[in-house]
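Take a look at the structure below.
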Amino acid sequence: MQIFDTLTNKKHEIIPLAADGVLRLYVCGVTPYSESHVGHAMQAIVFDVLRRYLDWRGIPVKHVQNFTDIDDKLIDRAQRLGIEMSELAEQNIADYHRQLKELNVLPAHEYPRVTELVPEIVRFIEGLIEKGFAYASGGDVYYRVREFGGARYGALSKRDIDDLVSGARVDPTELKDDPLDFALWKAAKPGEPSWESPWGQGRPGWHIECSAMALKTLGEQIDIHGGGADLIFPHHTNEIAQSEAYTGKTPFAATWMHNAHLQLGDEKMSKSLGNLVTINQALATHSADALRLFLITSHYRRPLKYAPESLDAAKAGAERLREAAFAAQPEQMYTPPVDGEATRERFIAAMDDDLNTPQALAALFDLTREINRGRDRGRDIRPAQETLRELAGVLGLTLAQPQRGSQEAAPFIDLLVQLRSELRAAKQWQLADHVRDGLTSLGIEVKDGPEGSAWKQV
RNA sequence: GGCGCCAUGGCCAAGUGGUAAGGCAAGGCUCUGCAAAAGCCUCACCGCCGGUUCGAGUCCGGCUGGCGCCUCCA
């Protein structure tokens with residue numbers, strides 16, 4: 001399988017570096033200061049699909065995703081709410097887990113948090129100071145970017161280090177030797193949560209956590225480091241500088257994989273801009289399958305616009321897949337059976353090429369048509385259905401019937417449908433249609449077939 | 001201002017040298033008591049202008065429009 005690498009701007013073959021053959025995947029997660037939005041879901045789903053696919057192809061994956069639970073916004077918001085920072089983080093992390101589960105996203109193997117790794121972070125910073133890549137200054141500690149090398153520093157984001165200087169924020173209160181330098185450790189301000197360190201009370205800077213977490217959970221070098229495209233600079237740029245300076249090993253990550261952003265209207269969906277749709281809001285009107293399908297009908301490196309019409313289209317598409325995957329086998333079977341082997345090959349070829357989910361889906365929809373056609377012609381469609389369900393599962397689609405109504409209603413609906421069948425048998429068309437219209441208005445769709453009437457919720 | 005990305009049918013969206021995947025929507029037909037579902041059929045001169053090539057959405061140059069990053073951000 002090949003994945004596009006941001007650092008080299010090329011597609012790389014993905015081969016686990018470690019001798020045990022386990023692929024190390026580190027993904028930058030969320031800062032849990034508020035509810036997560038569909039953009040976060042998109043990111044989680046992209047890496048979920050990657051992981052499911054690699055597993056399916058026989059490459060075991062160890063997946064680590066962090067929570068940044070020490071952060072300015074977290075501190076501010078907790079203070080405004082009058083609760084502890086840890087409590088606020090805890091709530092949002094619990095929500096995040098719950099929502100991703102609803103979206104059928106497999107949990108990462110580990111979810112390290114900054115608050116749990118402060119000693120490791122301190123040790124990491126000490127190591128950088130010893131090697132001359134960092135310096136303490138007035139209770140803060142900064143990373144010396146020029147020590148690492150300008151060309152190397154700008155490689156990931158394709159930036160000239162001197163252009164960065166002019167754009168760098170100049171804060172007169174900061175104690176940097178060079179405007180490019182960034183904070184590894186920040187001295188505590190009054191009223192803020194803080195931890196002990198050789199430089200006094202304080203807290204870790206933003207970037208250092210991921211270097212320390214990756215080192216602790218996955219080792220000195222990892223296979224794929226992922227996250228949203230907005231993290232390329234400065235977050236991932238700084239991670240490379242820290243990790244490679246500390247371990248002396250290059251590369252820190254064999255492949256840098258970044259997903260493009262979800263847009264709402266004409267702008268990036270983001271917490272700071274305030275233009276967002278939360279995962280809960282999306283799940284209130286659409287199933288996990290519909291949402292996932294919508295998000296993977298576009299390639300992960302292309303920006304995608306969130307629009308209700310697009311979600312509705314995905315909903316209809318998911319329904320189409322589901323109908324075909326579970327359509328009843330016709331009674332009479334003629335040879336040859338419909339199988340999905342050609343589809344499987346197309347699916348693999350598409351996914352191997354930088355996770356081309358749109359093409360993989362196209363293959364599944366073509367198989368859907370073959371299944372429907374086969375069913376109409378009395379062929380054995382079961383092998384193809386099995387393949388369809390298997391491949392959909394690799395994309396994390398459950399093809400499950402949405403369960404929105406109460407299960408208790410089912411016997412009553414059965415009764416009404418049965419009654420209607422009797423009316424039809426008696427050619428009482430008006431009454432039969434009246435029952436059907438009534439059910440339709442309640443969200444129950446009735447379908448008449450040769451073997452009687454079936455119903456489903458829509 | 002610097003760096004980068006994108007512009008494909010009514011909507012969404014693949015395709016990066018040999019004459020356009022897929023989904024949704026729409027229209028016609030088949031099936032059906034009528035529907036629904038399903039099937040079959042129909043629906044693209046690939047933003048504009050030059051260039052390279054036997055041949056270009058696909059490569060090169062220019063133009064126009066849009067987006068992202070450069071500051072917290074998935």
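Below, read A as the first sequence line, B as the second, and so on, with proteins coming before strands; counting in each chain starts at 1.
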Please list all pairs passing the ring-ring contact (aromatic ring centres under 6.0 Å, His included) test where one or both residues lie in residues 347-366 of chain A, with sequence neighbours left out. A:W56-A:F347
CG (A:D48) and CD (A:Q43) are apart, to the nearest 0.5 Å, by 11.0 Å
All N/O contacts under 3.5 Å from nucleotides 16-27 of chain B to the protein, with atom names and distances to one decimal?
from, atom 1, to, atom 2, distance (Å)
B:G23, OP1, A:R369, NH2, 3.0

Counting the benzene-type ring for Trp, do A:F182 and A:H207 have ring centres under 6.0 Å apart? yes
For nucleotides 1-4 of chain B, list the nitrogen or oxygen atoms of the protein found under 3.5 Å from its nitrogen or oxygen atoms, one pair per line.
from, atom 1, to, atom 2, distance (Å)
B:G2, O2', A:D163, OD2, 2.9
B:G2, N2, A:R159, NH1, 3.0
B:C3, O2', A:K158, O, 2.9

A:M42, nearest nucleotide to its side chain (from B:G68, B:A74, B:C34): B:A74
A:K427 atom NZ is separated from B:U32 atom C1', nearest whole Å, by 12 Å
Can you confirm whether A:E390 is buried at CD, in the sense that more than 12 heavy atoms of other residues, nucleotides or ligands lie under 6.0 Å from that atom? yes
Using both distances under 3.5 Å as the test, list the Watson-Crick or G-U wobble partner of B:G55, or none. none
Considering only the C1' atoms, how many Å lie between B:C41 and B:C45, rounded to the nearest integer? 23 Å
Do the side chain of A:D230 and the base of B:G68 come within less than 3.5 angstrom through a donor-acceptor pair of N or O atoms? no
Partner set under side chain to side chain donor-acceptor pair (under 3.5 Å) for A:E341, not counting sequence neighbours: A:R344
Starting the side chain at C-beta, find the nucleotide from B:A13, B:G33, B:A36 nearest to A:L304. B:A13
Sub-6.0 Å ring centroid separation between A:H258 and A:H236: yes
Interatomic distance, A:K315 NZ vs B:A37 P [rounded to whole Å]: 13 Å
A:W455 vs A:K447 side-chain heavy atoms within contact, under 4.5 Å: no
Contacts to RNA chain B from residues 373-396 of chain A, heavy-atom cutoff under 4.0 Å, which residues? A:R373, A:R375, A:D376
For the pair made of CG in A:L156 and P in B:C70, what is the distance, rounded to whole Å? 13 Å
Of all pairs that satisfy salt bridge (Lys or Arg N to Asp or Glu O under 4.0 Å), the ones with a partner from residues 202-212 of chain A, not counting sequence neighbours: A:D72-A:R203, A:E192-A:R203
Pair assignment for B:A44, Watson-Crick or G-U wobble, requiring both distances under 3.5 Å: none
Find the partner of B:G61: check Watson-Crick (N1-N3 plus N6-O4 or O6-N4) and G-U wobble (N1-O2, O6-N3) distances, both under 3.5 Å, and reply none if neither fits. B:C49
Counting any heavy atom closer than 4.0 Å, what does A:H235 reach on the DNA or RNA strands: base, sugar-phosphate only, or nothing? nothing
Counting any heavy atom closer than 4.0 Å, what does A:G39 reach on the DNA or RNA strands: base, sugar-phosphate only, or nothing? base
By side chain to side chain donor-acceptor pair (under 3.5 Å) - contacts of A:H40 (at least two apart): none
Rounded to whole Å, please give me the gap between NE2 in A:H261 and P in B:C72. 14 Å
Only pairs with both distances under 3.5 Å count, Watson-Crick or wobble alike; so what is the partner of B:U16 in this structure? none
Under the ring pair (Phe, Tyr, Trp, His ring centres under 6.0 Å) rule, collect the residues that match up with A:H97, sequence neighbours excluded. A:F67, A:Y111
Remember a base hit wins even if backbone is also touched, and classify A:V27 as base, sugar-phosphate or nothing at under 4.0 Å, heavy atoms. nothing
Distance check: side-chain N/O of A:N372 vs OP1/OP2 of B:A37, anything under 4.0 Å? no
Can you tell me the pairing partner of B:C29 across any strand shown, Watson-Crick or G-U wobble, with both distances under 3.5 angstrom? B:G39
Within 6.0 angstrom of A:K101 NZ, more than 12 heavy atoms from elsewhere: no
Is the base of B:G57 syn or anti, if syn means a glycosidic angle within 90° of 0? syn
Measuring from the side chain of A:S298 (C-beta onward, heavy atoms only), which nucleotide among B:A14, B:C69, B:C34 has the closest atom? B:A14
When we call it a touch if two heavy atoms are under 4.0 Å apart, what does A:G29 touch: a base, just sugar-phosphate, or nothing? sugar-phosphate
Tell me the partner of B:C34, counting only Watson-Crick (N1-N3 plus N6-O4 or O6-N4) or G-U wobble (N1-O2 and O6-N3) with both under 3.5 Å; none if nothing fits. none
Using whole Å, what does the distance between atom C1' of nucleotide B:A13 and atom OH of A:Y306 come to? 18 Å
Rounded to whole Å, how long is the line connecting atom NZ of A:K456 with atom C1' of B:A38? 11 Å
Applying side chain to side chain donor-acceptor pair (under 3.5 Å) to A:K11 and not counting sequence neighbours gives A:D353
Distance between the C1' atoms of B:G17 and B:C46, in whole angstroms? 15 Å
Applied to residues 267-290 of chain A, the salt bridge (Lys or Arg N to Asp or Glu O under 4.0 Å) test, sequence neighbours excluded, yields none
Full working for side-chain contact (heavy atoms from CB on, under 4.5 Å) between A:L397 and A:R322: CA-CA 10 Å; A:L397 301 171; A:R322 199 186 66 72; over 6 Å; no
On RNA chain B, nearest-nucleotide positions of A:E267 versus A:V446: which is more 5'? A:V446
Nearest to side-chain heavy atoms of A:R436, which nucleotide of B:G33, B:A36, B:C34: B:C34
Who pairs with A:W429 by side chain to side chain donor-acceptor pair (under 3.5 Å), at least two apart in sequence or on another chain? none
A:H299 (side chain) and B:A14 (base): donor-acceptor pair under 3.5 Å: no
Across the strands shown, which category fits A:N356 at heavy-atom distances under 4.0 angstrom: base, sugar-phosphate, nothing? sugar-phosphate
Would you say the side chain of A:D448 and the base of B:C34 hold a donor-acceptor pair, judged only by whether the two atoms sit under 3.5 Å apart? yes
In residues 100-107 of chain A, which residues come under 4.0 Å of RNA chain B by heavy atom? none
Between A:L262 (CG) and B:G68 (P), how many Å, whole number? 12 Å
Which whole number of Å gives the distance between the P atom of B:G68 and that of B:G61? 25 Å
Could you measure between the two C1' atoms, the one in B:A7 and the one in B:C12, and give it in whole Å? 15 Å
Could you check how far NE2 of A:H258 sits from C1' of B:C69, rounded to whole Å? 12 Å
Is there a side-chain contact between A:L88 and A:L81 (heavy atoms, below 4.5 Å)? yes
Comparing A:Q430 with A:Q43, nearest RNA chain B nucleotide closer to 5' gives the residue A:Q430
Ignoring backbone atoms, test whether A:T440 places a side-chain nitrogen or oxygen under 4.0 Å from the OP1 or OP2 oxygen of B:A35. no
Counting only heavy atoms not in A:H109, do more than 12 sit closer than 6.0 Å to its NE2 atom? yes
